Amino acid sequence: MISEEDWQDAQLLWDYQQMHHEPRPCSVGIGLGSHDLGVADTTVDLFRRGMMPLIVFTGATSRTTQDRMPRGEAEHYRDRAMELGVPADAVLVEPRARNTGQNITLSRTLLEERGIDVSSVLLVSKPYEERRAYGTAQKMWPGIEFLCASTPMTLPQYVASIQDARLVIDMLVGSLQRLLIYPAQGFIITQDVPIAVTEAYERLVCRGFTSRLASGGPINSERNGSSQRNSHD
């Protein structure tokens with residue numbers, strides 16, 4: 001059972017992940033690969049609105065996508081963009097990235113190899129991954145302006161789209177944990193996390209929403225993590 005208190009705590013984590021950046025035209029848009037095809041749809045919508053002249057879809061496969069996207073997340077995202085009418089020459093595919101850091105570094109390399117000048121990037125991710133995407137990009141690609149975007153939706157709407165409420169809360173908990181432990185490991189920049197959010201995270205962990213925690217990571221947010229796997233999950 002998921003209690004009302006669980007939902008309240010999950011809402012705090014969900015709200016914190018929303019960075020509320022106002023989209024504006026950028027040099028390129030980068031759609032971060034995942035199980036959520038909505039990332040591709042939102043990237044296409046932003047492209048149609050003139051927010052970028054070029055899209056990079058990045059991602060190989062992970063344990064959550066190997067069955068649904070056997071040719072790789074980026075390839076399936078490109079297929080979706082083509083279905084929605086995006087010109088083929090407006091999409092680049094980076095097919096090797098297996099974590100968020102590689103999404104950024106390998107996309108950067110691809111763009112540099114193509115001789116594409118980049119001063120700003122619109123990052124498109126799952127709704128509960130905006131801050132991780134932003135923190136990773138700031139760490140891995142300094143000197144670039146980053147804006148974050150995701151599919152505009154509420155937590156109940158996202159739960160309905162995934163059809164697994166407990167999994168969604170587990171993913172929210174895992175995402176928050178990574179924001180807490182990854183700065184010390186050099187994966188992302190440090191971001192201010194309000195006390196109310198860390199307390200909600202700790203309550204959810206104590207109530208068993210732990211399937212997406214990085215192995216060896218802290219249960220209590222004040223403890224330091226050991227070596228972690230930087231993954232899409």
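Owing to the predicted nature of the structure, the values given are computational and were not obtained by experimental measurement. Values below: every heavy atom of this structure, side chains too, minus hydrogens, waters and symmetry copies. Throughout, residue positions are numbered sequentially from 1 according to the sequence presented.
Applying the salt bridge (charged side-chain N to carboxylate O under 4.0 Å, His left out) rule to pairs touching residues 47-61 yields Asp45-Arg49, sequence neighbours excluded.
In this structure, Val56 and Val121 have side chains that are not in contact, with every pair of non-hydrogen atoms separated by 4.5 Å or more. The closest side-chain heavy-atom distance from Leu180 to Thr198 is below 4.5 Å. Contact check for Phe187 versus Lys139: no side-chain heavy atoms found under the 4.5 Å cut-off. Val168 is listed as a side-chain neighbour of Leu155, based on a closest heavy-atom distance under 4.5 Å. When side chains are defined from C-beta on, Glu5 counts as touching Arg203, because their heavy atoms get closer than 4.5 Å. Two residues are said to be in side-chain contact when any heavy atoms from C-beta on lie closer than 4.5 Å; Thr58 and Leu110 fail this criterion. Two residues are said to be in side-chain contact when any heavy atoms from C-beta on lie closer than 4.5 Å; Arg212 and Leu167 meet this criterion. The side-chain heavy atoms of Trp14 and Met153, taken from C-beta on, include a pair separated by under 4.5 Å.
Annotation: side chain to side chain donor-acceptor pair (under 3.5 Å) contacts of Asp41 (sequence neighbours excluded): Arg80. Applying the side-chain contact (heavy atoms from CB on, under 4.5 Å) criterion to Arg131, with sequence neighbours excluded, gives Tyr16, Gln17, Met19, Leu179, Gln191. For Thr190, the side chain to side chain donor-acceptor pair (under 3.5 Å) criterion is met by no residue, not counting sequence neighbours. Listed by chain and number, the residues in a side chain to side chain donor-acceptor pair (under 3.5 Å) with Thr105 amount to none (sequence neighbours excluded). By the side-chain contact (heavy atoms from CB on, under 4.5 Å) test, Thr109 pairs with Glu113, sequence neighbours left out. Remark: Asp6 engages Arg207 in a salt bridge (Lys or Arg N to Asp or Glu O under 4.0 Å) (not counting sequence neighbours). Evaluation of the side-chain contact (heavy atoms from CB on, under 4.5 Å) rule for Ser150 yields Gln18, Pro127, Glu130 as partners, not counting sequence neighbours. Contacts of Asp15 classified as salt bridge (Lys or Arg N to Asp or Glu O under 4.0 Å), with partners at least two apart in sequence or in another chain: none. Partners of Tyr134 according to the ring-ring contact (aromatic ring centres under 6.0 Å, His included) rule, which considers only residues two or more places apart in sequence or in another chain, are His21. With sequence neighbours left out, Glu75 forms a salt bridge (Lys or Arg N to Asp or Glu O under 4.0 Å) with Arg78. Taking the side chain to side chain donor-acceptor pair (under 3.5 Å) definition, one finds that Arg24 meets it with Glu145, sequence neighbours left out.
With rounding to the nearest 0.5 Å, the separation of CD1 in Ile55 from CG in Leu92 is 9.5 Å. The structure places CD of Gln8 at 11.0 Å from CG of Leu204, a figure rounded to the nearest 0.5 Å. Atom OG of Ser107 sits about 10.5 Å away from atom CD of Gln102, to the nearest 0.5 Å.
Leu106 and Tyr77 fall into different hydrophobic clusters, where Ile, Leu, Val, Met, Phe, Trp and Tyr residues are linked whenever their side-chain heavy atoms come under 4.5 Å apart, directly or through other members. Under the 4.5 Å side-chain heavy-atom criterion for Ile, Leu, Val, Met, Phe, Trp and Tyr, Tyr182 and Val197 are members of the same hydrophobic cluster. The same ILVMFWY cluster, assembled from side-chain heavy atoms under 4.5 Å apart, contains both Val173 and Val159.
Heavy-atom contacts from other residues, nucleotides or ligands closer than 6.0 Å to CZ of Arg96 number 12 or fewer.
Between Asp36 and Lys126 there is no salt bridge, since no side-chain N of the basic residue sits under 4.0 Å from a carboxylate O of the acidic one.
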